[in-house]
Chemist: 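First the structure, then my questions, so here it is.
Count residues from 1 along the sequence. Below, all heavy atoms of this structure are taken into account, side chains as well, without hydrogens, waters or symmetry copies.
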Amino acid sequence: MKKSIVLITFLTSANLLFAQTTERDPINYFPNYHPLIVHFPIILLLVAAVMQIGLLFFRNNAYNYTVTILTIVGFITALLAVFVFHAHAAKDVNPTAMAIFEEHEKLAYITLWISGFAAALKVVGLFIQKKWVEVISLFLLIGCAITVSLAGHHGSELVYKQGIGPKGERLEDEHH
């Protein structure tokens with residue numbers, strides 16, 4: 001029953017998303033998929049950090065697996081956002097916008113590295129159930145939460161203050 005509800009919700013959401021386009025090829029409707037992907041690591045890594053705090057106070061295998069999965073999926077979606085669905089600012093944007101973009105990129109790479117280490121440590125922690133593993137994981141996930149939040153802040157500055165990204169404006173053409 002639960003699987004049916006999830007499947008119906010997914011199909012309905014996808015149908016509503018594609019129904020908004022007037023183009024015949026809805027997969028090419030978006031100029032860049034970065035905004036659609038990047039929100040996953042933002043929320044997943046933030047939630048994993050908050051949940052990791054709970055693991056310091058009580059030990060529960062299901063809860064630990066949940067935090068581990070959130071961290072791994074957060075890392076994978078960060079990887080996709082940084083390398084596969086990465087948006088590049090056009091070369092002719094103003095220097096302020098380019099400085100924000102470069103800081104955004106730097107923080108995204110730092111988030112990627114830290115989340116990769118956190119994911120690896122969380123997997124190790126499933127086999128080595130020691131308090132120090134959970135404490136180090138907490139510090140790494142807090143680091144992820146900070147860097148992904150700052151990267152997201154700079155990303156929103158690019159969109160809302162600098163006008164880079166909406167409708168593909170002021171982005172490099174990815175098809176060349």
Chemist: Restricting to non-hydrogen atoms, name the atom on L80 and the atom on I37 that form the minimum distance, rounded to 0.1 Å.
Modeler: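 Smallest interatomic distance, heavy atoms only, reads CB-CG2, 4.0 Å.
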
Chemist: Nearest 0.5 Å, what's the CG-CG distance between L55 and N61?
Modeler: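 If we round to the nearest 0.5 Å, L55:CG and N61:CG are 9.5 Å apart.
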
Chemist: Can you list everything that forms a side-chain hydrogen bond (donor to acceptor under 3.5 Å, both in side chains) with H154? Sequence neighbours excluded, please.
Modeler: E157

Chemist: What are the two closest heavy atoms between T77 and G74, and how far apart are they?
Modeler: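 Answer, listing the atom of T77 first, then G74: OG1-O, 3.1 Å.
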
Chemist: Quick one: which residue pairs count as a side chain to side chain donor-acceptor pair (under 3.5 Å) with a foot in residues 141-152, not counting sequence neighbours?
Modeler: T111-T147

Chemist: So, using side-chain hydrogen bond (donor to acceptor under 3.5 Å, both in side chains) as the criterion, who are the partners of E103 when residues are at least two apart?
Modeler: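 Checked E103 against side-chain hydrogen bond (donor to acceptor under 3.5 Å, both in side chains); matches are K106.
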
Chemist: From L45 CG over to F75 CZ, what is the distance, rounded to the nearest 0.5 angstrom?
Modeler: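 The CG atom of L45 sits 10.5 Å away from the CZ atom of F75.
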
Chemist: Any chance you could measure T71, atom OG1, to L141, atom CG, to the nearest 0.5 Å?
Modeler: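 Interatomic distance, T71 OG1 to L141 CG, rounded to 0.5 Å: 4.5 Å.
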
Chemist: Which other residues end up in the same hydrophobic cluster as L46, if Ile, Leu, Val, Met, Phe, Trp and Tyr are linked when side-chain heavy atoms come under 4.5 Å apart?
Modeler: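 Once heavy-atom contacts under 4.5 Å are chained together, L46 belongs with I42, V148.
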
Chemist: Are F139 and L112 grouped together when hydrophobic residues (ILVMFWY) are joined by side-chain heavy atoms under 4.5 angstrom apart?
Modeler: no

Chemist: Should L140 and V133 be regarded as members of a common hydrophobic cluster, given that ILVMFWY residues are connected when their side-chain heavy atoms come within less than 4.5 Å of each other, either directly or indirectly?
Modeler: yes

Chemist: Looking only at heavy atoms, what is the nearest atom pair of A151 and A108, with distance?
Modeler: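 Closest heavy-atom pair between A151 and A108: CB-N, 4.1 Å.
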
Chemist: Please output the side-chain donor-acceptor pairs of residues 118-126 that fall under 3.5 Å, not counting sequence neighbours, one pair per line with the distance.
Modeler:
{"residue": "K122", "atom": "NZ", "partner": "Q52", "partner atom": "OE1", "Å": "2.9"}
{"residue": "K122", "atom": "NZ", "partner": "N64", "partner atom": "OD1", "Å": "2.8"}
{"residue": "K122", "atom": "NZ", "partner": "E134", "partner atom": "OE1", "Å": "3.0"}

Chemist: Any pair with a residue in residues 37-48 that passes side chain to side chain donor-acceptor pair (under 3.5 Å), sequence neighbours left out, goes on the list, sorted by first then second residue, please.
Modeler: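 Qualifying pairs: none.
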
Chemist: Would you indicate whether the side-chain heavy atoms of Q129 and R59 approach each other to under 4.5 Å?
Modeler: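 R59 reaches Q129 side chain to side chain.
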
Chemist: If you look only at pairs with a residue in residues 64-84, which of them pass as a salt bridge (charged side-chain N to carboxylate O under 4.0 Å, His left out), with sequence neighbours excluded?
Modeler: none

Chemist: Enter the distance from S137:OG to F117:CZ here, rounded to the nearest 0.5 Å.
Modeler: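 S137 atom OG to F117 atom CZ measures 13.0 Å (nearest 0.5 Å).
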
Chemist: Per the salt bridge (charged side-chain N to carboxylate O under 4.0 Å, His left out) rule, what does the pair list look like for residues 66-87, sequence neighbours excluded?
Modeler: none

Chemist: If the condition is side chain to side chain contact (heavy atoms under 4.5 Å, CB included), which residues does V50 pass it with, not counting sequence neighbours?
Modeler: none

Chemist: Suppose we screen for salt bridge (charged side-chain N to carboxylate O under 4.0 Å, His left out). Which residues come up paired with E105, at least two apart in sequence or across chains?
Modeler: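 With sequence neighbours excluded, E105 shows a salt bridge (charged side-chain N to carboxylate O under 4.0 Å, His left out) to no residue whatsoever.
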
Chemist: Between A48 and V67, which heavy-atom pair has the shortest distance, and what is it?
Modeler: O-CG1, 3.8 Å

Chemist: Could you list the residues that satisfy salt bridge (charged side-chain N to carboxylate O under 4.0 Å, His left out) with E102, not counting sequence neighbours?
Modeler: none

Chemist: For F83, give me all partners under ring pair (Phe, Tyr, Trp, His ring centres under 6.0 Å), at least two apart in sequence or on another chain.
Modeler: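 So F83 forms a ring pair (Phe, Tyr, Trp, His ring centres under 6.0 Å) with Y109.
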
Chemist: Tell me whether Y63 at atom OH has more than 12 heavy atoms from other residues, nucleotides or ligands lying less than 6.0 Å away.
Modeler: yes

Chemist: With hydrophobic residues grouped by side-chain heavy-atom distances under 4.5 Å, do W132 and I114 end up in a single group?
Modeler: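 Cluster IDs for W132 and I114 match.
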
Chemist: Under 4.5 Å between side-chain heavy atoms, counting indirect links through other Ile/Leu/Val/Met/Phe/Trp/Tyr residues: same cluster for I72 and L79 or not?
Modeler: yes

Chemist: With the 4.5 Å side-chain cut-off for hydrophobic clustering, are V73 and V38 part of the same group?
Modeler: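 No, V73 and V38 fall in different hydrophobic clusters.
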
Chemist: Between M51 and V47, is there a side-chain heavy-atom distance shorter than 4.5 Å?
Modeler: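 The answer is yes; the side chains approach within 4.5 Å.
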
Chemist: State the OG-CG distance between S115 and L70, to the nearest 0.5 angstrom.
Modeler: 12.5 Å

